[in-house]
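Single-structure report; data block below.
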Protein chains: 2
Amino acid sequence: MRIGELARACGVDVETVRYYEKQGLLPAAHRTPNGYRLFGPQHAERLAFIRHCRALDMPLAEIRHLIEVADHPDADCGDVNALIDTQLDKVRERIKAMQALEHQLVALRSRCDSQRAVEACGILNELMAVSRTVR
Amino acid sequence: MRIGELARACGVDVETVRYYEKQGLLPAAHRTPNGYRLFGPQHAERLAFIRHCRALDMPLAEIRHLIEVADHPDADCGDVNALIDTQLDKVRERIKAMQALEHQLVALRSRCDSQRAVEACGILNELMAVSRTVR
DNA sequence: GTTGACCCTGGAGCGACTCCAGGGTTTCAA
DNA sequence: TTGAAACCCTGGAGTCGCTCCAGGGTCAAC
Ligand SMILES: [Zn+2]
Ligand SMILES: [Zn+2]
Ligand SMILES: [Zn+2]
Ligand SMILES: [Zn+2]
């Protein structure tokens, strides 16, 4: 299959496929005489794998690592477990930070519910006041 | 105060201060005869304001906008309210996505609790199986 | 024969920094 | 007095994961 077909099948941009190939995440495609890339089903499988991992927000470096491990079925999978745990920690940390953020924004928003002159705006006043307390 | 002192006071990196100045978020500092930047308390206040907004995850473009509004006390603050609302929507959306992610990772992690051969690892098998179902 | 859909390469751009090379200056102590 | 540490400067490259672009080539249908 050509690059457009592969991209459509996996729901990615053509440019993204070329990018993954350049980054060595996708094995280099064969080429037709005119230079077009030709991919097989194993490319589609790997691309889907990459996208699945990306949907889990793994950085490409970790996906590369995972592929490496998966390609050596004789090794053990301790690394994989650790990788998922690390990922989970990161995600949970970010959720906490985001929730704190949400609270702050709600508090901020409650300080102004109407169109006032900027001087009287509770939001701007709050934002500025915090600035002043820093010293 | 010199750049290091300002940076320490606001808990930012020196490079970040220079970056904000270059981006026009911080007014250009005065210079000593030897070329060192000299900042006043109003710079510290603005820097703290920027950091506070950044802590609320606002992009620099929106902070620039906010500063612009704050500098014209005669204008009204409708824009400010809208900006906070937009920000809040974005944060809530991301929290939801992150929580979905967390669930997926937990499910994935539960598929392997020990060091097995890679071939038998439930995590890798799961990840691969999903790839195959995409076609 | 020409329109349109597809493909190629190499390189720039995004956001918000961060780091570096390669310099100059200030401050403090031995 | 000398020298090391800590500070400051500039301009530019690097980060991440794409995305877009210019400037071309290829291929099928009408
Ligand atoms: Zn091996
Ligand atoms: Zn208001
Ligand atoms: Zn005005
Ligand atoms: Zn396992």
Side-chain angles (χ1 to χ4, degrees), chain A residues 1-26 28-40 43 46-67 86-87 90-91 94 97-98 101, chain B residues 1-26 28-39 43 46-67 83 86-87 90-91 94 97-98 101:
Chain A
M1 67 202 329
R2 295 198 314 198
I3 196 170
E5 202 181 339
L6 173 66
R8 257 190 313 278
C10 295
V12 273
D13 197 300
V14 165
E15 313 261 18
T16 304
V17 177
R18 283 197 278 253
Y19 174 73
Y20 288 160
E21 190 192 38
K22 206 184 304 182
Q23 298 301 305
L25 283 163
L26 223 41
H30 302 289
R31 300 290 181 131
T32 62
N34 63 28
Y36 287 11
R37 286 175 182 81
L38 273 190
F39 299 91
H43 288 98
R46 172 148 302 178
L47 178 53
F49 175 78
I50 295 169
R51 293 312 293 181
H52 189 59
C53 292
R54 286 292 302 134
L56 297 172
D57 211 28
M58 289 182 204
L60 295 187
E62 293 195 3
I63 299 174
R64 208 188 313 274
H65 185 165
L66 219 43
I67 287 172
T86 304
Q87 193 61 18
K90 265 191 256 171
V91 168
R94 252 189 290 170
M98 284 283 131
L101 207 57
Chain B
M1 67 202 330
R2 295 198 313 198
I3 196 169
E5 202 181 337
L6 173 65
R8 258 191 312 280
C10 296
V12 272
D13 198 300
V14 165
E15 314 261 18
T16 305
V17 177
R18 284 197 277 252
Y19 173 74
Y20 288 161
E21 190 191 37
K22 207 183 303 181
Q23 299 302 305
L25 283 163
L26 223 41
H30 302 287
R31 299 291 180 131
T32 62
N34 62 29
Y36 286 13
R37 285 174 182 82
L38 272 189
F39 298 90
H43 288 98
R46 172 149 301 180
L47 178 54
F49 175 78
I50 295 168
R51 292 312 293 181
H52 189 59
C53 292
R54 287 292 301 136
L56 297 173
D57 213 28
M58 289 183 204
L60 295 189
E62 294 195 2
I63 299 174
R64 209 188 312 273
H65 186 166
L66 219 42
I67 287 172
L83 202 149
T86 304
Q87 194 60 20
K90 264 192 256 171
V91 168
R94 251 190 291 171
M98 285 282 131
L101 207 54

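Values below: all heavy atoms of this structure, side chains included; hydrogens, waters and symmetry mates excluded.
- Atom CG of A:D57 is separated from atom CE of B:M98 by 4.5 Å, given to the nearest 0.5 angstrom.
- Atom CG in A:L47 sits 8.5 Å away from atom CZ in A:F39 (nearest 0.5 Å).
- Here the CD1 atom belonging to B:I67 is positioned 8.0 Å from the CG atom belonging to B:L26, to the nearest 0.5 angstrom.
- For the atom pair B:Q23 CD and B:T16 OG1, the distance stands at 11.5 Å (nearest 0.5 Å).
- Residue B:T16 places at least one side-chain N or O closer than 4.0 Å to OP1 or OP2 of C:dT18.
- A:I50 places its CD1 atom 16 Å from the P atom of D:dC16, with the value rounded to the nearest Å.
- Not one side-chain nitrogen or oxygen of B:Y20 sits closer than 4.0 Å to the OP1 or OP2 atom of C:dA16.
- For the pair B:Y19 and C:dG15, the criterion of a side-chain N or O lying under 4.0 Å from OP1 or OP2 is not met.
- One finds the CD atom of B:E5 at 8.5 Å from the CZ atom of B:R2 (value rounded to the nearest 0.5 Å).
- DNA chain D is contacted by no residue of residues 53-65 of chain B, taking any non-hydrogen atom closer than 4.0 Å.
- With contacts defined as side-chain heavy-atom distances shorter than 4.5 Å, the pair A:L66/A:M58 qualifies.
- Between B:P59 and B:Q87, the closest heavy-atom pair is CD-OE1, 4.1 Å.
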| query | What string of B, S and - do you get for nucleotides 2-12 of chain D, 5' to 3', when a contact is any protein heavy atom under 4.0 Å? | reply | -----BSSB--
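- One distance of note links CD1 of A:I63 with CZ of A:R46; it measures 11.5 Å at 0.5 Å rounding.
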